[in-house]
Amino acid sequence: MPTIIKASDAADLLALIPTLAGYRPRRSLALVLFRGKRTAGVMRYDLPDPDAVEAVASTTIGLACKVDRVDGIAIVVYADGALHENPGRPIAWHALVRALEQRAHVCGLRVVEALCVADDAWASYEDGDARPLDEVRDREASLRMPAPTEDQGSGANLPDTDLAEKERLARALVTIDDAAAAILAAPSDVETADVPSLARLDPRALAAVVALDDLPELFEDALSWDPGALDAYSGAVLLWCLRRPALRDVALQQWAADIHAGELALFAQARWEAGEEYPVELGARFCGEGPRPDPGRLQRARDVVRRIAAAAPRDARPGPLAAAAWLSWALGASTHAGWYAEQALAIDPDHGLSQIVMTMCAASHLPEWAFARE
């Protein structure tokens, strides 16, 4: 449901932005989107290189125009340092704001406000008069809901895990690898199978491998797991899947839709490996096209894969990190998505999905469902 901004002036608007965004923007360009007098969300971007101002203005205003029924924007720059770069000079980032205003005018968007929040003061680009930050802080204090204190990067770090949890997961992964190899290598004829060898395998690992017989059921069950009390073998079998791109992609398709989508994706993957075309609609979902996913499903999946990434051996982390990156991107959290992808690429520079997510984030490419009306 859209939030109604009851702001009598620019200070009121600035006080509301952290609550609207869910974080306190830092070194950012924030576009507050309006449908009439109501907000339709906040789009945040890192401040660009000075020589990229025109390109950034074109891209960001173009994305704002794609949001359903948006007819106005407020431009807010959150700058490090002083409000005025040098005494007697214009407000910081004035060239960026002028470029944004020009693009907005061409696109038919009204500019409600153009403001700058610096370390020492805030001001409107209209008059340039410096105003005290306490004016905004006092308005924040009067809000019914407390304003967030963390910036856009907060919460991206993986959860804390102790050495014991990491060792349990690592051992479980090894035994699952051994069990899967033994079962796949065992002859189908029960009479010739080496039953004593199979019997020596850890029964928990065997049970985990059996769960691989019904991957959609496994991926659906994962949404109900408690990340803070994750069973080592449950986490390891999901990690085993996330390390394999084909199975990881099935999981992401399912978490972005439902168990039926997972079944279709698994069937499509098998047919693709047999030489048939991969369905266009499934590939499109990875690029953010199609129905809007249920945010709750995406968030639950991300919580689980983040925990697994935190506890996994280093060489096994790119799979769950890439999954967390795509899930974050699908949720509209590109800052977090880029961080997870960067961590994965630091381990495996050739990791495909992580490269894709990084490319989408660098190009400010958002999923199409981010522009649809709620």
Side-chain angles (χ1 to χ4, degrees), residues 3 5-34 37-61 63-64 70-107 109-143 146-153 335:
T3 301
I5 284 190
K6 296 182 178 179
S8 59
D9 56 21
D12 276 350
L13 176 60
L14 291 177
L16 283 163
I17 288 176
T19 299
L20 294 175
Y23 51 80
R24 189 172 295 277
R26 181 181 63 83
R27 189 166 172 74
S28 298
L29 164 65
L31 298 183
V32 184
L33 310 181
F34 285 86
K37 295 183 178 181
R38 297 187 178 188
T39 61
V42 178
M43 302 178 77
R44 191 209 68 84
Y45 304 90
D46 292 338
L47 288 174
D49 292 332
D51 58 357
V53 161
E54 293 294 334
V56 168
S58 179
T59 298
T60 55
I61 295 299
L63 290 172
V70 163
D71 60 8
I73 58 169
I75 302 167
V76 184
V77 172
Y78 291 87
D80 289 342
L83 184 68
H84 293 275
E85 297 164 337
N86 291 299
R89 298 295 300 277
I91 297 175
W93 296 98
H94 66 282
L96 172 62
V97 172
R98 294 296 172 249
L100 288 164
E101 289 177 328
Q102 290 169 4
R103 295 288 181 179
H105 176 72
V106 170
C107 294
L109 291 177
R110 59 191 171 91
V111 177
V112 177
E113 292 281 3
L115 310 169
C116 181
V117 180
D119 289 343
D120 58 346
W122 72 274
S124 166
Y125 284 93
E126 184 67 27
D127 56 36
D129 294 336
R131 298 178 174 90
L133 294 174
D134 284 343
E135 185 178 0
V136 177
R137 296 184 185 123
D138 290 344
R139 306 291 180 92
E140 284 185 6
S142 67
L143 294 175
T149 58
E150 304 293 340
D151 65 27
Q152 66 273 5
T335 300

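Computation of the quantities below employed the complete heavy-atom set of this structure, encompassing side-chain atoms and omitting hydrogens, waters and symmetry-equivalent molecules.
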Ignoring hydrogens, what is the shortest heavy-atom contact between A118 and L133? Give both atom names and the distance. O-CD1, 3.6 Å

Would you check if the side chain of W122 reaches a backbone N or O of P132 as a donor-acceptor pair within less than 3.5 Å? yes

Do E113 and V76 come close enough that some side-chain heavy atom pair is under 4.5 Å? no

Taking every non-hydrogen atom, the tightest pair across S28 and R44: OG-NH1, 2.8 Å

Any donor-acceptor pair under 3.5 Å from D49 side chain to D51 backbone: no

Are the side chains of Y125 and V111 in touch, meaning some heavy atoms are under 4.5 Å apart? no

Does the side chain of P148 come within less than 4.5 Å of T19's, by heavy atoms? yes

Are the side chain of E150 and the backbone of Y23 linked by a donor-acceptor contact shorter than 3.5 Å? no

Restricting to non-hydrogen atoms, name the atom on D151 and the atom on R26 that form the minimum distance, rounded to 0.1 Å. OD2-NE, 2.9 Å

Ignoring hydrogens, what is the shortest heavy-atom contact between A130 and L83? Give both atom names and the distance. CB-CD2, 3.7 Å

What one should report as the nearest heavy-atom pair of A92 and C116 is O-SG, 4.2 Å

Locate the shortest heavy-atom distance separating A104 from I73; write the atom from each residue and the value. CB-CD1, 4.1 Å

Can you list every pair that meets salt bridge (Lys or Arg N to Asp or Glu O under 4.0 Å) and has a residue in residues 118-129, with sequence neighbours left out? D127-R131

Hey, mind stepping through E140 and R137 against salt bridge (charged side-chain N to carboxylate O under 4.0 Å, His left out) and telling me if it holds? CA-CA 5 Å; E140 284 185 6; R137 296 184 185 123; over 6 Å; no

Step by step, would you call I91 with H84 a side-chain contact (heavy atoms from CB on, under 4.5 Å)? CA-CA 5 Å; I91 297 175; H84 293 275; 3.9 Å; yes

Take L33 and M43 through the test side-chain contact (heavy atoms from CB on, under 4.5 Å) and record every step on the way to the result. CA-CA 8 Å; L33 310 181; M43 302 178 77; 3.6 Å; yes

Is the side chain of S58 donor-acceptor paired with the backbone N or O of A55 at a distance under 3.5 Å, no angle test? no

What do the steps show when you test V32 against V112 for side-chain contact (heavy atoms from CB on, under 4.5 Å), and what is the final call? CA-CA 9 Å; V32 184; V112 177; over 6 Å; no

Could you tell me if the side chain of V136 sits less than 4.5 Å from the side chain of V117, heavy atoms only? no

